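Notes follow once the structure below has been shown.
All chains are named by letter (A, B, ...) in the order of the sequence lines, taking the proteins before the strands, and each is independently numbered beginning at 1. Hydrogens, waters and symmetry mates play no part in the numbers below; they use all other heavy atoms, side chains included. What you are looking at is a predicted structure, and each value in this text was computed from that prediction instead of being measured.
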Protein chains: 2
Amino acid sequence: MEQPLPIDQIVLGDCVESLRRLPSESVDLIFADPPYNLQLEGALTRPDNSLVDAVDDDWDRFASFAEYDDFTRAWLAECRRVMKKTATLFVIGSYHNIFRVGTAVQDLGFWILNDIVWRKANPMPNFRGRRFTNAHETLIWAARGMDARNYTFHYEALKAGNEDTQMRSDWFLPLCTGEERLKDAAGRKVHPTQKPEALIARALIAATNPGDVVLDPFFGTGTTGAVAKKLGRRFVGLERDPAYADAARARIAAVEPLDPRAVSAAPSRRTEPRIPFLSLVESGLIAAGETLVDAHEKHCATVRADGTLVVGPAVGSIHKVGALVQGHPSCNGWTFWHVLRDGSLVSIDELRGDYRARHSMAA
Amino acid sequence: MEQPLPIDQIVLGDCVESLRRLPSESVDLIFADPPYNLQLEGALTRPDNSLVDAVDDDWDRFASFAEYDDFTRAWLAECRRVMKKTATLFVIGSYHNIFRVGTAVQDLGFWILNDIVWRKANPMPNFRGRRFTNAHETLIWAARGMDARNYTFHYEALKAGNEDTQMRSDWFLPLCTGEERLKDAAGRKVHPTQKPEALIARALIAATNPGDVVLDPFFGTGTTGAVAKKLGRRFVGLERDPAYADAARARIAAVEPLDPRAVSAAPSRRTEPRIPFLSLVESGLIAAGETLVDAHEKHCATVRADGTLVVGPAVGSIHKVGALVQGHPSCNGWTFWHVLRDGSLVSIDELRGDYRARHSMAA
DNA sequence: ATACCCACTGAATCACGAT
DNA sequence: AATCGTGATTCAGTGGGTA
């Protein structure tokens, strides 16, 4: 029944059935752009203008929503099974369906990390002037469960690309138009809801590493596959419509991957190898017996030969002693403590950098 | 059982019970700010070790999603009964609860007109660097039913106050801080989740006429009442906590109604939008993998897909890497770095100008 | 008066690997 | 599975005090 992952391929057929054939805990990210349920829209716009019994009306509506909810729960449950413990899920939708999707996400045990707003630079105006311009769509970003805490998230890379401030939950991006929009020979758009590559690229950059497998259960014309290939990720696409799948295949074949140096995971403090403070003492970058001070020279401590610090009667790690002298529950000793070098204060974190550079340790 | 509307009064007691005593089809707008069911576990500290003052009030604790859903359906059903046929409903929430609220809104037969995003000018950062900054909340705006087409909406006024362009579904507003935030004698905030008046004002300007009755079933410290009075509308407030109700009463008493001629759409606040370098890469103005150089072509760096630069082993923002290659403590990457265009060097600041011009973004 | 510095704050589902 | 030690992590804004 279960088959190996069809890497960089498009699987034709019903999305839920195809998902059932994928192995458990095998993909690193899911990007899903599910249908808005046209059947539901049909049911709700049924010509019944006379003000009939409201209860009947409600029941009819609820029955239609129930069908959409069943479908949503089916594909989301299979997605969750297929996700690695470190994987996350993106789902995009609008107010027509996103509330039902979000409820299902929570009910199935996913743990929502953020909802993200795609603010459209060039939305379709509201022609009749009866509503606000519908200028955004919503993405839900969720981990597999409440206890799935070590998901991939390139916080530092996103921050560095965003004026050195945290990436927010509202993303301003243009619609998919112009060159990027797939057109058929007659100039008609191939898919009605093609998403911009930039949107999916930001999701992939945030939550995957190069080589990771990205599953898109509603592949359409393959935007997720095209972005994955460009960014050095792999993909698995599920699609029901052979015409969309053909268009996607041709599109992805034409994609040129970026240079690996442009897409590799940037080093972060979290991913760099740990250096024991003792190593700095052993290497002579810091001398046993030397005095450490904080940046304001309010507190000081003495370095012992075993890599611990001493203040009065207290002995402990750079972190423990840093916390102690400040009266805090915790402290990052690397950034708190400094030494005097050439008349000015240098943080021991900088010396740790020197040590790393000197030994150029493989991570 | 049913009583006349308690106009411009605060009704003490359980929200659902109080709603049951209000007459059917009697109010013109409902603004609801229900508990979010945050599900917070441990304490959270900032990087400086200070404690985040979290919402840990009893009123926000629910045993399960099912219990929260029951509560949500109960108050929403009564709200729908109380609404005039021309009335609309605003509900505000975050990703913790808004999907469940939206599902209930749809199941009860409301007709969603828009979801609206309140983009916070000054949100609380993500202190652990494990998620995107949670920088927005969501409002659902709904009519009583799909057939309720003649609801109040001041399209023209909003457009006139918005640089003569349609008001979008994303609203950029600061948090409620400073003078506006209610404090007790000891200087502590009276209510943990007081909303900015500007947010509710925009909703009331959009969807009510002067003299209309605005019902707020979770009145708290009465922001809705204060805004209604200021804008020449009337209010009905339901509140469980007598201390909140007292604060609200005093607050509203101090409000001076605006001159009737001034009760129109408020102009929106505008600021120069900050452009992330990533946006230039995403938009294609600069290509991932492209080389940046300084004006004297002494230094160069490669652009990565995530909007960072790479030089040798170093990866960072345009500013950080610019500083690094020059050996300076800081650098304005926008003016330092250039790209080759048509045989001559163009600063990326110029490209940023092109981007701004192209998108003329609403802040 | 003005400028600068520091402390404080906001609806928050906020670490992770070794043992 | 649970515990423990290391050590990673913040933005826009208000307001008070000091130079």
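- Nearest-nucleotide positions on DNA chain C place N114(A) closer to the 5' end than the other of N150(A) and N114(A).
- In this entry the distance linking CG of N332(A) with P of dA15(C) reads 15 Å, nearest Å.
- Panel note: side chain D216(B), backbone F218(B); a donor-acceptor pair is recorded below 3.5 Å.
- Between K320(A) and dG7(D) there is no side-chain polar atom (N or O) within less than 4.0 angstrom of OP1 or OP2.
- Across the P atoms, dA12(D) and dC14(C) are found 23 Å apart, a figure rounded to whole Å.
- dG7(D) and dG10(C) have their P atoms separated by 33 Å, with the value rounded to a whole Å.
- An OP1 or OP2 oxygen of dC16(C) is reached within less than 4.0 angstrom by a side-chain nitrogen or oxygen of R130(B).
- Side chain of D48(B) to backbone of S50(B): a donor-acceptor contact under 3.5 angstrom is found.
- Nucleotides of DNA chain C nearest to Y151(A) and A54(B) differ in position, and the one nearer the 5' end is that of A54(B).
- Spacing between atom CG of D147(A) and atom C1' of dA15(C) amounts to 14 Å, rounded to whole angstrom units.
- Residue contacts shown for E180(B) are absent, as no nucleic acid heavy atom lies under 4.0 Å away.
- OP1 or OP2 of dT10(D) has at least one side-chain nitrogen or oxygen of Y155(A) nearer than 4.0 Å.
- R188(B) comes within 4.0 angstrom of no nucleic acid atom, judged by non-hydrogen atoms across all strands.
- If you measure from atom CD of E163(A) to atom P of dT10(D), you get 16 Å, rounded to the nearest angstrom.
- Positionally, the nearest nucleotide of DNA chain D for S330(A) lies more toward the 5' end than for the other of S330(A) and N126(B).
- Annotation: cation-pi geometry not satisfied between R100(B) and Y68(B) (NZ/CZ under 6.0 angstrom from ring centroid, within 45° of ring axis).
- One P atom belongs to dA8(D), the other to dA12(C), and the distance between them is 26 Å to the nearest Å.
- Taking for each of S317(A) and R269(A) the nucleotide of DNA chain D with the nearest heavy atom, the 5'-most of the two is the partner of S317(A).
- Using bins of under 30°, 30° to 60° and over 60° for the plane-to-plane angle, the ring pair F90(B)/W141(B) lands in the parallel bin.
- As a whole-Å value, the separation of E272(A) CD from dC16(C) P is 17 Å.
- Atom CZ of F132(B) is separated from atom P of dT9(D) by 16 Å (rounded to the nearest Å).
- Shown here, dG13(D) forms a base pair with dC8(C); the pair counts as Watson-Crick or G-U wobble because both key distances fall under 3.5 Å.
- At the phosphate of dG7(D), OP1 or OP2 sits under 4.0 Å from a side-chain N or O atom of H319(A).
- Across all strands shown, I318(A) has no heavy atoms under 4.0 Å from either base or sugar-phosphate atoms.
- Residue contacts for G93(B): at a heavy-atom cut-off of 4.0 Å it reaches no nucleic acid atom on any strand shown.
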- Give the C-alpha distance, both sets of side-chain angles, the deciding distance and a yes or no for side chain to side chain contact (heavy atoms under 4.5 Å, CB included) between I286(A) and I348(A). CA-CA 9 Å; I286(A) 292 173; I348(A) 64 174; 3.8 Å; yes
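- Nucleotides dT9(D) and dG17(C) are separated by 14 Å at their P atoms, to the nearest Å.
- Across dA11(C) and dG15(D), the matching C1' atoms stand 23 Å from one another, rounded to whole Å.
- Annotation for R128(B): atom CZ counts as buried by contact number, over 12 foreign heavy atoms lying within 6.0 Å.
- Between R131(B) atom CZ and dC11(D) atom P there is a gap of 17 Å when expressed in whole angstrom units.
- Taking a pair to require two hydrogen-bonding distances under 3.5 Å in either a Watson-Crick or a G-U wobble arrangement, dA2(D) pairs with dT19(C).
- Taking 4.0 Å as the cut-off between side-chain N and carboxylate O, D184(B) and R188(B) count as a salt-bridged pair.
- Cation-pi check for R130(B) over Y151(A) is met; the charged atom lies under 6.0 angstrom from the ring centroid and within 45 degrees of its normal.
- Within the nucleic acid shown, E41(B) has no heavy atom closer than 4.0 Å to any nucleic acid atom.
- Distance, R119(B) CZ to dA12(D) C1': 14 Å, rounded to whole Å.
- Taking atom CZ of F336(A) as the reference point, atom C1' of dT9(D) lies 16 Å away to the nearest angstrom.
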- Task: Sugar-phosphate means primed atoms, P, OP1 and OP2; the rest is base. With that split, encode nucleotides 4-11 of chain C 5' to 3' as B, S or - using protein heavy atoms under 4.0 Å.
- Result: -----BBB
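- The existence of a salt bridge linking E156(A) and K320(B) is excluded, since no basic side-chain nitrogen approaches an acidic carboxylate oxygen closer than 4.0 Å.
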